[in-house]
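A single structure is presented below for examination.
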There are 2 protein chains.
Amino acid sequence: MTKIDRRTERLTDALRRAGVRITRQRAALLAVLARAEDHPEAVELHRRAEAQVPGISLSTVYRTLTALEAQGVIQRHQFAGTPARFEHTETAHHDHMIDVDTGEVVEFANDRIERLQAEIAAALGYDIVHHRLELYVRKKARPGTDQG
Amino acid sequence: MTKIDRRTERLTDALRRAGVRITRQRAALLAVLARAEDHPEAVELHRRAEAQVPGISLSTVYRTLTALEAQGVIQRHQFAGTPARFEHTETAHHDHMIDVDTGEVVEFANDRIERLQAEIAAALGYDIVHHRLELYVRKKARPGTDQG
DNA sequence: AGGCAAATGCAAACGATTTGCAACTGGATC
DNA sequence: GATCCAGTTGCAAATCGTTTGCATTTGCCT
Ligand SMILES: [Mn+2]
Ligand SMILES: [Mn+2]
Ligand SMILES: [Zn+2]
Ligand SMILES: [Zn+2]
């Protein structure tokens, strides 16, 4: 069983558990999500799913994404100035850097930051339900490189 | 000169510098912003400004907010699931905790987190342009307190 | 086959924000 | 103070991503 099969199964099971039917269009979207290594937006997922199910509608994509998110098997990221982007949650928690020039998304994880956040919240009498940490970045100018 | 006068002046000067006229409606909004100690959304700012200039339109509020943001004298925060919220930038950089139950916004600042962020970006070859750190939190259950 | 709830595609609604435009300033210039 | 003109206003309409209503289709169970 490949990594992508395992992911597809995880997504499929989550929907089954939620009592929703696995239709042709849903199966296609789940496969697309399982295969995705990037952070595509709904329209892009729709585009990719159309390869398998030509007539699939964007509403169906949105509806299924909402269901998957509710089950916690995918995450919706609302980065600044773009439509929401999606990714499966098979990988452990991480945060994101967004290259402001290219739009590229780079993942990172840092335990110290996670712990500090929890400490800060605790000190003020709160527990963290979830958080959002996004670094909007630009490639460091390497000496001798002129980026017009 | 009071703190609020100073803030109003800062906002006014920023607009003047940008070559825009200080009209009745803008003056009202600037005063509202200078006076605000919370993180109001556009509609709320509009509501407050109407006290001074009854006919002021929401478009004018939005247009002025956009101009002020472009000058860097106010900040626009896009918290999850709510319209944008605004605050003047007289105070130093800080991040936010949002109480998921009440919507209350609590500010905090932490140098260690700021430094860690810069280090993480640097290690991957990036400089941070700006960032977003939001903790969505819930009041810690105090022992002996039942929150239905 | 028959029945029924769930899912689909489409078009229309949504909510926050932006924009086009004609009417209206507010200053500067005479 | 009349004139001029670019900047500003309020309004309505447009925008964009996303959600929703609805008539039709589908998938499953009997
Ligand atoms: Mn990711
Ligand atoms: Mn703040
Ligand atoms: Zn994190
Ligand atoms: Zn910060």
Side-chain angles (χ1 to χ4, degrees), chain A residues 11-12 14-33 39-71 74-87 98 103, chain B residues 11-33 39-47 49-71 74-86 103:
Chain A
L11 298 172
T12 308
L15 286 193
R16 284 232 181 76
R17 227 174 300 123
V20 314
R21 288 182 196 160
I22 311 304
T23 59
R24 236 166 341 110
Q25 19 285 76
R26 280 179 177 157
L29 180 58
L30 299 187
V32 165
L33 282 165
H39 299 78
E41 24 194 272
V43 170
E44 171 62 14
L45 290 167
H46 178 241
R47 217 183 49 67
R48 296 183 195 175
E50 267 183 315
Q52 311 292 320
V53 183
I56 186 173
S57 84
L58 185 53
S59 325
T60 294
V61 169
Y62 271 115
R63 276 191 276 240
T64 306
L65 289 173
T66 301
L68 290 166
E69 188 192 11
Q71 295 307 307
I74 69 169
Q75 255 188 289
R76 182 190 299 247
H77 299 295
Q78 190 55 259
F79 299 143
T82 64
R85 311 178 87 88
F86 300 85
E87 67 175 328
I98 298 95
Chain B
L11 298 172
T12 308
D13 288 352
L15 287 191
R16 285 232 180 76
R17 229 174 297 121
V20 314
R21 285 183 198 157
I22 311 303
T23 60
R24 237 165 342 110
Q25 22 281 80
R26 281 177 177 158
L29 180 58
L30 300 186
V32 166
L33 281 166
H39 299 78
E41 22 194 274
V43 170
E44 171 63 15
L45 290 167
H46 177 240
R47 216 184 49 69
E50 267 184 314
Q52 310 293 318
V53 182
I56 186 172
S57 83
L58 186 53
S59 325
T60 294
V61 170
Y62 272 114
R63 276 190 277 242
T64 307
L65 289 173
T66 301
L68 290 166
E69 188 192 11
Q71 296 307 306
I74 68 169
Q75 255 187 291
R76 182 189 301 247
H77 299 294
Q78 191 54 260
F79 299 142
T82 64
R85 310 179 85 90
F86 301 85

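Just so we're clear, the structure is a prediction, and the values are computed from it rather than from any experiment. Just so we're on the same page: letters track the sequence lines, and every chain starts at 1.
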Could you tell me the separation between the CZ atom of Arg24(B) and the P atom of dC24(C), rounded to a whole number of Å?
-> 14 Å
Are any of Thr23(B)'s side-chain N or O atoms less than 4.0 Å away from OP1 or OP2 of dT9(D)?
-> yes
Separation of Arg21(A) atom CZ from dA5(C) atom C1', in whole Å?
-> 6 Å
Below 4.0 Å: OP1/OP2 of dT26(D) and any side-chain N or O of Gln25(A) | no
Less than 4.0 Å between a side-chain N and a carboxylate O, is that true for Arg47(B) and Glu44(B)?
-> yes
Measure from CG on Leu65(A) to P on dT20(D) and round the result to the nearest Å.
-> 14 Å
Distance col, row Thr12(A):OG1 vs Ile22(A):CD1, nearest 0.5 angstrom, shows 5.5 Å
Looking for any heavy atom pair under 4.0 Å, which part of the strands does Glu41(B) touch: base, sugar-phosphate only, or nothing?
-> nothing
When rounded to whole Å, the CG to P distance for the pair Leu29(B) and dT9(D) reads 10 Å
Under a 4.0 Å heavy-atom cut-off, which of residues 78-87 of chain A touch DNA chain C?
-> none
Not counting sequence neighbours, which residues clear ring pair (Phe, Tyr, Trp, His ring centres under 6.0 Å) with His77(A)? List them please.
-> Phe79(A), His96(A)
Within residues 44-64 of chain A, the residues having a heavy atom closer than 4.0 Å to DNA chain D are Ser59(A), Tyr62(A), Arg63(A)
Sugar-phosphate only, base, or nothing, as touched by Val20(A) at under 4.0 Å among non-hydrogen atoms | sugar-phosphate
Could you state the CZ-C1' distance from Arg26(B) to dG7(D), rounded to the nearest angstrom?
-> 8 Å
Looking at Ala67(A) and Leu15(A), what are the two nearest heavy atoms and their distance?
-> CB-CD2, 4.1 Å
